[in-house]
Visitor: 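Got a structure for you, written out below as structure tokens; questions coming shortly.
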There are 2 protein chains.
Amino acid sequence: MAHPSDFTTRGDQRLPLHVRVKDDLVRRVRANEWSSDAPLPPESALAEQYGISVGTLRRVLSELSAEGLLERHQGRGTFVRRATFQHSLFRFFRMQGSSGQTPGSRILASDTIEAPADIAQVLHVGSRSKALHMERLRLWDDTPFLLEDIWLPLPWFQAVADADPQTLGNLLYPEYETRVGVIIGAATEELSVTQATSHQANLLNCAIAEPLVKIIRIARTHTGDVAEYRESYGLASSFRYQVEIN
Amino acid sequence: MAHPSDFTTRGDQRLPLHVRVKDDLVRRVRANEWSSDAPLPPESALAEQYGISVGTLRRVLSELSAEGLLERHQGRGTFVRRATFQHSLFRFFRMQGSSGQTPGSRILASDTIEAPADIAQVLHVGSRSKALHMERLRLWDDTPFLLEDIWLPLPWFQAVADADPQTLGNLLYPEYETRVGVIIGAATEELSVTQATSHQANLLNCAIAEPLVKIIRIARTHTGDVAEYRESYGLASSFRYQVEIN
DNA sequence: GAGTGGTCTAGACCACATA
DNA sequence: ATGTGGTCTAGACCACTCT
């Protein structure tokens, strides 16, 4: 099944070898064929499996490494890259005085309900399918600074829904990886400015209609499937967001 | 001078060949050895120039192509990539109803002055060196929506300072390329929320202390030299900013 | 048809990690 | 000492562009 014996029969035969091998390796990584602790087979073995030369296989592995799906270490092997989103995705909302630490979090609600139509569409769940909705408050030293509405598609994320909210760690993406086997690989964020509702003002300890920054994040796996829809609201006065554009 | 005859004597001899060749090619591109209309020499010629195999040279050119410095076209050749920042950098402030068009711009002021210490440091000009400062208003259909403070290092950008502000186009990065030979290749942006000063409120046609989004952009060449420092201010109510994270 | 980059191979040798 | 990935070479053949 995971073995590429039927590799030559899959995909468009007219595509270059390195493209077909790359697609197949992405599929196998996504199918959790290798844990992120043990290395993939060495180049020579993989090349033989696919019936291609080592040079061609090297090209594929190098590309996947450059794209962040794999990590290569001379002398040790090739590994599936873990979700390291603390560094890449959580690089905003650096509060004054608080350095490098991850903020605390408090899950206020966790329900299995029907998602609003627009969110259901983004998550690619049918209009009458259920989704897991969580409301979460993030804090620095018990001071709330960010309010999050998180939507996860079901039944895919059923394991997260079944977990006791209190046992979920401060960071959700590692939980996705361990409980569902989902590694977040990319995301889109859209920023805008709104005004606090009474509900939000109450939780964020600010005045009603005070300006809030709203961040809509759509997180995807390496293969492009939408795994999470998230709306975050934070006080505009303490907002700071950095982006690198290349 | 631009010819790589002295290539073997430059750089750390212990570095891999492909690294040294890559650094040298970046230098030659930056020195405007090739315009963006004519192709670089073919692989075979370049490989012979450097005294390396075609395979190694191919690796370098492929990397530079992936990094966006070069463009390769089968059958046509390898070209220096032009500044295409309209698509990548100017992907914010999409106003409602206005699609894909570039906004109008009005340069309000253009002066050669000493930059404030913090900006001078970012631009890497000495503390008593001059910089070109421009204040620019951007408009959709004669309605102002963005106010920009732009700082350029001198004497590097003297050709821009000497130009009549009225002759500068709506987009500045193409002007940098044609007048100074600078291609912007990367940038960092930092977003925060401030309140409008009376000066800003006057120009943006809003109330004093109304929330504004502030964007600090530091733009760099492909080689990492800071070419521009820019502060942009826009009405928070019409603000929308999209980012892709990978 | 001539010239360009794209694909793929086969193999030598080196640098690093681990036991 | 062994096995891993990293560097570099030499060359065959294909696909595309231009004249």
Side-chain angles (χ1 to χ4, degrees), chain A residues 4 7-8 10-25 28-29 33-81, chain B residues 4 7-8 10-25 28-29 33-81:
Chain A
F7 153 75
T8 45
R10 199 169 19 232
D12 191 331
Q13 302 298 129
R14 296 166 304 181
L15 257 37
L17 264 180
H18 71 266
V19 172
R20 275 144 54 201
V21 170
K22 187 173 178 178
D23 288 348
D24 193 66
L25 274 174
R28 293 171 75 184
V29 166
E33 187 168 334
W34 305 284
S35 82
S36 16
D37 299 321
L40 270 62
E43 298 176 339
S44 52
L46 275 178
E48 196 179 4
Q49 279 185 25
Y50 284 109
I52 63 175
S53 77
V54 183
T56 302
L57 186 87
R58 281 190 59 79
R59 169 175 175 170
V60 173
L61 293 180
S62 297
E63 286 177 5
L64 292 175
S65 164
E67 292 169 16
L69 187 66
L70 299 179
E71 279 178 288
R72 312 195 79 201
H73 299 283
Q74 192 175 23
R76 295 208 288 128
T78 303
F79 300 80
V80 175
R81 187 169 219 154
Chain B
F7 152 75
T8 46
R10 198 169 19 234
D12 191 331
Q13 301 298 129
R14 295 166 305 180
L15 257 38
L17 264 180
H18 71 266
V19 173
R20 275 144 54 200
V21 170
K22 188 173 179 178
D23 289 347
D24 194 65
L25 274 173
R28 292 171 75 183
V29 166
E33 186 166 336
W34 304 285
S35 81
S36 19
D37 299 321
L40 271 61
E43 299 176 338
S44 52
L46 274 178
E48 196 179 6
Q49 278 185 25
Y50 284 109
I52 63 176
S53 77
V54 181
T56 302
L57 186 87
R58 280 191 59 79
R59 168 175 176 170
V60 172
L61 293 181
S62 297
E63 285 177 4
L64 292 175
S65 165
E67 292 169 16
L69 186 65
L70 300 178
E71 278 178 288
R72 312 195 77 201
H73 300 283
Q74 191 175 22
R76 295 209 287 129
T78 303
F79 300 81
V80 175
R81 186 168 216 155

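Numbers restart at 1 for each chain; the letters A, B, ... are given by sequence-line order, proteins then strands.
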Visitor: Over how many whole Å does the gap from A:R76 atom CZ to D:dT2 atom C1' extend?
Guide: 17 Å

Visitor: Look up atom NE2 in B:H18 and atom OG in B:S53, then write down how far apart they are to the nearest 0.5 Å.
Guide: 12.0 Å

Visitor: First and last nucleotide of DNA chain C touching chain A, 5' to 3', heavy-atom cut-off 4.0 Å?
Guide: C:dT7 to C:dT18

Visitor: Base, sugar-phosphate, or nothing: which does A:L61 touch, judged by heavy atoms less than 4.0 Å apart?
Guide: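 If one applies the 4.0 Å heavy-atom cut-off, A:L61 turns out to touch nothing in the nucleic acid.
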
Visitor: Look only at the side chain of B:R20 and the backbone of B:L15, and say whether a donor-acceptor pair between them is shorter than 3.5 Å.
Guide: yes

Visitor: Without decimals, in angstroms, what is the distance between A:Q74 CD and D:dG5 C1'?
Guide: 5 Å

Visitor: Measuring from A:S44:OG to A:R58:CZ, what's the distance to the nearest 0.5 Å?
Guide: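 One gets 11.5 Å once the value is rounded to the nearest 0.5 Å.
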
Visitor: Under 4.0 Å, counting only non-hydrogen atoms across every strand here, what does B:S44 touch: a base, just sugar-phosphate, or nothing?
Guide: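 Result for B:S44 = nothing.
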
Visitor: Which distance, rounded to the nearest 0.5 Å, do you find between the CD of A:E48 and the CG of A:L57?
Guide: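 Here the rounded value is 11.5 Å.
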
Visitor: Rounded to the nearest 0.5 Å, how far apart are CD of B:E71 and CZ of B:R76?
Guide: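 B:E71 CD to B:R76 CZ: 8.5 Å, rounded to 0.5 Å.
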
Visitor: What is the separation between atom NE2 on B:H18 and atom C1' on D:dG5, rounded to the nearest whole Å?
Guide: 13 Å

Visitor: Look at all strands and tell whether B:R58 reaches a base, only sugar-phosphate, or nothing, counting heavy atoms closer than 4.0 Å.
Guide: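 The residue B:R58 makes base contact.
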
Visitor: Taking atom CG of A:D24 and atom CD of A:Q49, what is their separation to the nearest 0.5 Å?
Guide: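 Reported to 0.5 Å precision, the distance equals 9.5 Å.
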
